Amino acid sequence: MEARFLGIAELAEAPSVAVVVDVMRAFTVAAWAFGRGAEKIVLAESRADALALKAHHPDWVALKDGPPAPGFDAVNSPGLLRSLDLGGRTVVQKTTAGTVGALAVKEASLVLCAGFVVAGATARLLRQRGGDAVTFVVTGDEGRAEEDLACAQYIARRTDGGGTDATAFLRRAAESRAAAELAEGVRGGSHPDDVALCLELDRFPFAMAAAPEDSLMVLRPCAVP
């Protein structure tokens with residue numbers, strides 16, 4: 001498999017297959033939402049769009065980056081989300097990088113969203129459906145986020161088959177600027193366990209695929225044998 005690693009701004013055209021990586025914290029949160037029973041996640045273009053969707057569907061759960069804000073039900077923190085009962089609910093998610101990256105490749109034939117918590121299942125799905133070339137979208141820090149690049153490179157290695165030791169990749173993520181900011185409380189709407197939860201390898205057995213549904217970009221869990 002030929003793997004390319006690009007930032008959002010480097011996407012000149014929609015790839016055929018894209019894996020959008022946001023470890024800290026968008027797609028760790030998305031995985032936890034599915035783990036807590038959510039049926040689907042709508043990826044919103046903007047906070048205004050997220051609030052409009054929430055107003056139109058009051059039973060949907062809207063979440064965003066940063067501290068709590070009027071109109072939003074939750075924040076983009078796995079540590080805070082893990083206590084919610086989301087059984088059968090629809091979540092609307094708007095984040096600074098992850099959702100932006102997924103929407104940037106919405107024309108791709110296959111869009112997967114990933115973090116370490118679904119790395120193994122994502123690699124298995126790529127082996128089944130990914131074809132010969134995959135573009136990994138490194139969403140954080142204008143394509144330079146070390147935690148996202150480490151996760152993308154780890155998934156690429158696992159997709160090629162054979163055993164891959166995750167230790168070095170997880171260490172890079174743990175030593176990233178994003179991890180430090182979360183640990184130090186620089187990023188609003190966080191929980192002390194967020195970094196550890198974001199680095200929990202293969203916590204969930206599913207991959208996550210996004211596709212257009214009724215003019216919205218919708219993320220759903222995918223069972224992978």
Side-chain angles (χ1 to χ4, degrees), residues 19-38 41 61 63 65 74-87 91 93 95-99 101-102 112-127 136-141 145-159 162-210 219-225:
V19 179
V20 187
V21 182
D22 189 329
V23 173
M24 298 185 188
R25 294 165 284 175
F27 297 136
T28 301
V29 165
W32 269 98
F34 291 131
R36 298 299 299 159
I41 298 174
V61 178
L63 68 85
D65 275 338
V75 295
N76 194 46
S77 161
L80 296 172
L81 195 75
R82 63 183 169 176
S83 62
L84 298 182
D85 179 4
L86 298 174
V91 174
Q93 186 179 35
T95 70
T96 305
T99 58
L112 303 180
C113 297
F116 281 109
V117 291
V118 293
T122 302
R124 292 196 301 275
L125 187 57
L126 284 173
R127 285 198 295 270
F136 290 87
V137 183
V138 180
T139 60
D141 197 17
E146 188 64 18
E147 72 282 2
D148 294 341
L149 181 58
C151 183
Q153 291 172 339
Y154 175 70
I155 294 171
R157 293 274 189 90
R158 287 189 67 168
T159 303
T164 300
D165 188 350
T167 303
F169 298 95
L170 290 168
R171 182 183 302 116
R172 286 165 56 192
E175 295 173 351
S176 68
R177 184 173 74 175
E181 289 177 352
L182 282 174
E184 294 166 7
V186 173
R187 298 191 179 193
S190 62
H191 185 279
D193 293 342
D194 277 356
V195 173
L197 292 172
C198 289
L199 300 180
E200 196 172 12
L201 186 66
D202 296 338
R203 174 64 177 79
F204 300 101
F206 50 79
M208 301 185 295
L219 188 65
R220 292 183 182 273
C222 299
V224 186

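No hydrogens, no waters, no symmetry mates; every other heavy atom, side chains included, goes into these values. All values reported here derive from a predicted model rather than from experimental measurement.
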Between [atom1] on residue [X] and [atom2] on residue [Y], distance to nearest 0.5 Å:
X	Y	atom1	atom2	value
Thr99	Leu219	OG1	CG	11.0 Å
Ser77	Leu182	OG	CG	8.5 Å
Phe116	Thr28	CZ	OG1	9.0 Å
Leu81	Leu63	CG	CG	6.5 Å
Glu200	Asp193	CD	CG	10.0 Å

Using the ring pair (Phe, Tyr, Trp, His ring centres under 6.0 Å) criterion, which residues pair with Phe34? Sequence neighbours excluded.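 In terms of ring pair (Phe, Tyr, Trp, His ring centres under 6.0 Å), with neighbours along the sequence ignored, Phe34 is linked to no residue.
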So do the side chains of [X] and [Y] get within less than 4.5 Å of each other, counting heavy atoms only?
X	Y	result
Glu147	Cys198	no
Thr164	Phe169	yes
Val117	Leu201	no
Leu126	Leu112	yes
Val91	Leu86	yes
Pro78	Trp32	yes

Exercise: identify the closest heavy-atom pair between [X] and [Y]:
X	Y	value
Val20	Gly98	CG1-O, 3.9 Å
Cys222	Leu125	CB-CD2, 4.4 Å
Thr167	Asp165	OG1-OD1, 2.8 Å
Ser176	Glu146	CB-CB, 4.2 Å
Ala121	Val224	O-CG2, 3.8 Å
Cys151	Gly115	SG-C, 3.5 Å

For [X], which of [options] qualifies under side-chain contact (heavy atoms from CB on, under 4.5 Å)?
X	options	value
Val29	Gln93, Arg82, Met24	Gln93
Glu175	Arg171, Arg177, Arg172	Arg171
Val138	Asp148, Val19, Val23	Asp148

If you measure from the Lys or Arg side-chain nitrogens to the Asp or Glu carboxylate oxygens, is any gap between [X] and [Y] under 4.0 Å?
X	Y	result
Arg158	Asp202	yes
Asp194	Arg187	no
Asp85	Arg36	no

Test: ring-ring contact (aromatic ring centres under 6.0 Å, His included). Region: residues 171-198. Which pairs qualify, not counting sequence neighbours?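 Checked against ring-ring contact (aromatic ring centres under 6.0 Å, His included) - neighbours excluded - no pair reaches residues 171-198.
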Would you confirm whether Thr139, through its side chain, and Val21, through its main-chain N or O, come within 3.5 Å as a donor-acceptor pair?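 Judged by distance alone, yes, a pair lies under 3.5 Å.
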Look only at the side chain of Asp65 and the backbone of Thr96, and say whether a donor-acceptor pair between them is shorter than 3.5 Å.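 Yes, Asp65 side chain to Thr96 backbone: donor-acceptor pair under 3.5 Å.
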Please assess Glu181 against Ser190 for the test side-chain contact (heavy atoms from CB on, under 4.5 Å), listing each intermediate value before the final yes or no. CA-CA 10 Å; Glu181 289 177 352; Ser190 62; over 6 Å; no
